[in-house]
Chemist: 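Pasting a structure below so you can have a look.
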Protein chains: 2
Amino acid sequence: MSENVPTLSDVAAHAGVSLATASRALNGSARTVNPALQERVLASASALGYSANVQAQAVARGTTNVVALVVGDIADPYFASIASGVVRVADERGLIVTITATGLYAGAASVEREQAALTALRGQRPRAVVLAGSRVVGAEPPTTGRERVAVVGSGAPGLRTVSVDNTGGAARLAHELRSLGYADFAVIAGPEELVTVRDRVDGFRSVAGEVPVEHAEFSRDGGRRAMSALLASGARPECVFAVSDVMAIGAMAALREAGIRPGEDIAVAGFDDIPLVADVTPALTSVALPLADIGARALELALSDDGGTEDAAPVAAEVRLRASTPRR
Amino acid sequence: MSENVPTLSDVAAHAGVSLATASRALNGSARTVNPALQERVLASASALGYSANVQAQAVARGTTNVVALVVGDIADPYFASIASGVVRVADERGLIVTITATGLYAGAASVEREQAALTALRGQRPRAVVLAGSRVVGAEPPTTGRERVAVVGSGAPGLRTVSVDNTGGAARLAHELRSLGYADFAVIAGPEELVTVRDRVDGFRSVAGEVPVEHAEFSRDGGRRAMSALLASGARPECVFAVSDVMAIGAMAALREAGIRPGEDIAVAGFDDIPLVADVTPALTSVALPLADIGARALELALSDDGGTEDAAPVAAEVRLRASTPRR
DNA sequence: CTGAAAGCGCTAACAT
DNA sequence: ATGTTAGCGCTTTCAG
């Protein structure tokens, strides 16, 4: 009793027209079709419960309506926010989003995983691909076929990039923190191979000077571990800058475990301004990035026709001071 | 200079073999192929940078390797966690996951959007679809073609369901809260049409009795608004149960805005135990759901061969008491 | 405006 | 074991 899915020929037969006419009636072909026939075909289609096989359409047309999104970890609020922007514009344009997670590995593993993901993606012949996974310093820009790809964050020459002003944002944050009276800093960072990490650290240091940096995984636990390590080494900075909010939250947890009150004994600042960051206590000072918009923009950029690698102006990163860094 | 993507025939020609042999060499066909030829074909393939067109494969094979995921909003940590589980098992099995967002609307809008999403999905001929968007009370189970679908949360007869013990979890939460000394409750809920919402409210009430319920959107802002409304109406419960953590966090914000200390003046509890919930202050009491596992399980269930609608045992929901509901 | 027929890139009988 | 040849479901010339 294999309920066979109706095909276009079924519809054509049912409506008593040719395959070609059925096709033209059901999709916005350039050709027009007699309204009466149009009507009949539509009726038959819905009578049979027809729905076009997009794969077949893709093969016939030689072009898909798939856009691929590559993220580190979709459960991470940073990527999830970007993804929501991508999904929104894709839905608006009737495109299908496929999603691949590379995991947030360091070094070679990361490059490999990203390359593997891209290779797999090529088979999908996506109209566009948005790479939101952090790229590795010095790594070759991921090779893609001829598909349009846009990268979020740390661009690469030759790839369309929604560049984020990581360096400037971190620098401004450092500046604001100094204005608040902080002079003694430490930095908690993700894997140092990641361009984003490097940029944020560099930006911060450009203002704060040669502050100690502790690296760990790019996660809440990484933040916790890095903070613990810092404390274990005897460091007692006035203020800790974590290169991502997720790490900052881990750092706060580590402080509490050590009996240190974040925001009071040691100030904490993060980066990204993910949702909920204003809801932790003390509310976390952060550098806001319009993540969903960035995702939306990345897809639009990837999809856009103008050939060039025209990086639009970098997305501004805005410092948001909150209770975790009180005036000192 | 349109770099034409190499096709299988190109590879076959380059290797001097037939299309069929090339196909068999490059994919794990049942047939085997002479190692020498195999070698040649593989070499040609990589020389030309060939990568199989999955769409064409799908058409030829009559089956895709796409699984579709329908969520309310991918930026919501609840859905994002589920998605990460789905993506994980899909990646393991070499499946592509496509993602559609319905938005978290109430009532008719929700049903419509979900149906629209499903209709669009049918065109993809997915191997399986996982529905994580909350279903509406009394609505027809979403009609799907013959594709395997699994629903997360509030099941529907006839659909494979990873059922979550929302009712029991909420009931146990109420019980624990009473044990802590709370007697006077209020509930902050999402749209009352959602089955999940109804179940959690019912479960809570089954133990706590006829407590007042304030409905709002299923979001942080909804939680904030609902809490404000409650306060404006003069309510001063000892403890507020928000049917989701995201709403609970909004409720806490509303309390603070009103000069009320969450956890001290009014206790707050949530549901889902999303990441970071332990990091807000006071740490939020919640009912833990293994979201990523639920996603993984849903996909496995949708994919599974055994025909039936065998709902596995409901996923246990575990109460996690934290500082937001101190002993009273 | 409509229909017949040739593909799209690949797989799977069916020969050989 | 390899090659030939129909298709898969759809679009799109190209004729009528």
Side-chain angles (χ1 to χ4, degrees), chain A residues 2 4-42 44-45 48-66 122-127 145-147, chain B residues 2 4-42 44-45 48-66 122-127 145-147:
Chain A
S2 60
N4 268 325
V5 183
T7 76
L8 187 57
S9 337
D10 296 334
V11 176
H14 182 108
V17 299
S18 75
L19 241 190
T21 303
S23 171
R24 297 198 265 253
L26 291 174
N27 309 308
S29 159
R31 316 296 257 263
T32 57
V33 129
N34 184 311
L37 282 191
Q38 171 104 345
E39 196 64 20
R40 276 224 316 270
V41 175
L42 258 26
S44 300
L48 298 180
Y50 171 77
S51 108
N53 181 328
V54 299
Q55 324 259 7
Q57 292 188 140
V59 176
R61 291 207 252 251
T63 166
T64 68
N65 58 344
V66 169
R122 293 193 48 200
Q124 297 182 44
R125 305 286 187 271
R127 267 256 256 289
R146 272 276 161 275
E147 58 275 296
Chain B
S2 59
N4 270 324
V5 183
T7 75
L8 188 57
S9 334
D10 296 333
V11 176
H14 183 109
V17 300
S18 75
L19 241 188
T21 304
S23 171
R24 298 196 267 254
L26 291 174
N27 310 309
S29 159
R31 317 297 257 265
T32 56
V33 113
N34 183 310
L37 283 190
Q38 171 103 348
E39 196 63 23
R40 277 225 313 273
V41 175
L42 257 26
S44 300
L48 299 179
Y50 171 78
S51 105
N53 181 327
V54 298
Q55 324 260 7
Q57 292 189 136
V59 176
R61 293 208 252 248
T63 166
T64 68
N65 59 343
V66 169
R122 293 193 48 200
Q124 297 183 45
R125 306 285 189 272
R127 266 256 257 289
R146 273 274 161 277
E147 60 275 296

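Each chain gets a letter, A, B and so on, in the order the sequences are listed, and its residues count up from 1.
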Chemist: Can you see which heavy atom on B:Leu42 is nearest to which on B:Ala25, and at what distance?
Modeler: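 So the minimum-distance heavy-atom pair works out to CD1-O, 4.1 Å.
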
Chemist: Which is true for A:Ala52 with a 4.0 Å heavy-atom rule: it touches a base, it touches only sugar-phosphate, or it touches nothing?
Modeler: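 The residue A:Ala52 makes sugar-phosphate contact but no base contact.
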
Chemist: I need the minimum non-hydrogen distance between B:Leu26 and B:Tyr50, along with the two atoms involved.
Modeler: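 Minimum heavy-atom contact is CD1-CE2, 3.6 Å.
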
Chemist: Can you tell me how far OG of B:Ser9 sits from NE2 of B:His14, rounded to the nearest 0.5 angstrom?
Modeler: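 Spacing of NE2 (B:His14) from OG (B:Ser9) equals 14.0 Å.
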
Chemist: If you compare all heavy atoms of B:Val33 against all heavy atoms of B:Thr21, which two are closest, and at what distance to 0.1 Å?
Modeler: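 Taking B:Val33 first and B:Thr21 second, the nearest heavy atoms are CG2-CG2, 3.8 Å.
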
Chemist: For B:Gln55 and A:Ala56, indicate whether the former's side chain and the latter's backbone hold a donor-acceptor pair under 3.5 Å.
Modeler: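 A pair under 3.5 Å: no.
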
Chemist: Begin with the C-alpha distance, continue with both residues' side-chain angles, and end with the deciding distance and a verdict on side-chain contact (heavy atoms from CB on, under 4.5 Å) for A:Arg125 and A:Val66.
Modeler: CA-CA 8 Å; A:Arg125 305 286 187 271; A:Val66 169; over 6 Å; no

Chemist: Rounded to the nearest Å, what distance is computed from the CZ atom of residue B:Arg61 to the P atom of nucleotide C:dC8?
Modeler: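 Taking atom P of C:dC8 as the reference, CZ of B:Arg61 is at 20 Å.
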
Chemist: Which residues in residues 7-14 of chain B have at least one heavy atom lying under 4.0 Å from any atom of DNA chain C?
Modeler: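 Those residues are B:Thr7, B:Leu8.
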
Chemist: Begin from the C-alpha positions of B:Asn53 and B:Thr7 and carry the test side-chain contact (heavy atoms from CB on, under 4.5 Å) through to its verdict.
Modeler: CA-CA 8 Å; B:Asn53 181 327; B:Thr7 75; over 6 Å; no

Chemist: Are any side-chain N or O atoms of A:Thr64 and backbone N or O atoms of A:Ala58, one a donor and one an acceptor, separated by less than 3.5 Å?
Modeler: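 Not a single qualifying donor-acceptor pair exists.
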
Chemist: For D:dT11, does either OP1 or OP2 sit under 4.0 Å from a side-chain N or O belonging to A:Ser23?
Modeler: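 Indeed, a polar side-chain atom of A:Ser23 lies that close.
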
Chemist: Does the A:Asn27 side chain pair with the main chain of A:Arg24, one donor and one acceptor, at a distance under 3.5 Å?
Modeler: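 A pair under 3.5 Å: no.
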
Chemist: With a 4.0 Å limit, can you tell me whether A:Gln57 has a side-chain N or O closer than that to the phosphate oxygens OP1/OP2 of D:dT11?
Modeler: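 For A:Gln57, the contact criterion (side-chain N or O under 4.0 Å from OP1 or OP2 of D:dT11) is met.
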
Chemist: Quick check against the 3.5 Å criterion: does B:Arg40 have a side-chain atom that pairs as donor or acceptor with the backbone of B:Ala15?
Modeler: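 Side chain of B:Arg40 to backbone of B:Ala15, a donor-acceptor pair under 3.5 Å: yes, one is there.
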
Chemist: Would you say A:Asn53 places a side-chain N or O within less than 4.0 Å of OP1 or OP2 belonging to D:dC8?
Modeler: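 Indeed not, no polar side-chain atom of A:Asn53 lies that close.
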
Chemist: Output one line per pair: protein atom, nucleotide atom from nucleotides 3-7 of chain D, and distance, for all N/O pairs under 3.5 Å.
Modeler:
unit_1	atom_1	unit_2	atom_2	d
D:dG3	OP2	B:Ser18	N	3.0
D:dG3	OP2	B:Ser18	OG	3.3
D:dG3	OP2	B:Thr21	OG1	2.7
D:dG3	N7	B:Arg24	NH2	2.6
D:dG3	O6	B:Arg24	NH1	3.4

Chemist: To the nearest angstrom, how far is A:Leu26 atom CG from C:dT2 atom P?
Modeler: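 So the two atoms are 13 Å apart, to the nearest Å.
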
Chemist: Roughly how many Å is it from CG in A:Asn27 to C1' in D:dC10, rounded to a whole number?
Modeler: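 Between C1' of D:dC10 and CG of A:Asn27: 9 Å.
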
Chemist: For A:Gln55 and D:dC10, give me the distance from atom CD to atom P, rounded to whole Å.
Modeler: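 Going from A:Gln55 (CD) to D:dC10 (P), I get 11 Å.
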
Chemist: Give the angle between the helix axes at the two ends of the helix from C:dC1-D:dG16 to C:dT16-D:dA1, taking five base pairs at each end and rounding to 10°.
Modeler: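 Result, rounded to 10 degrees: 40°.
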
Chemist: To the nearest 0.5 Å, how far apart are OG1 in A:Thr32 and CG in A:Leu37?
Modeler: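 So the OG1 of A:Thr32 and the CG of A:Leu37 are separated by 11.0 Å.
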
Chemist: OP1 or OP2 of D:dT2 sitting under 4.0 Å from any side-chain N/O of B:Asn34?
Modeler: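 Answer is yes, contact under 4.0 Å.
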
Chemist: What integer distance in Å separates A:Arg40:CZ from C:dC1:C1'?
Modeler: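 Value for this atom pair: 14 Å.
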
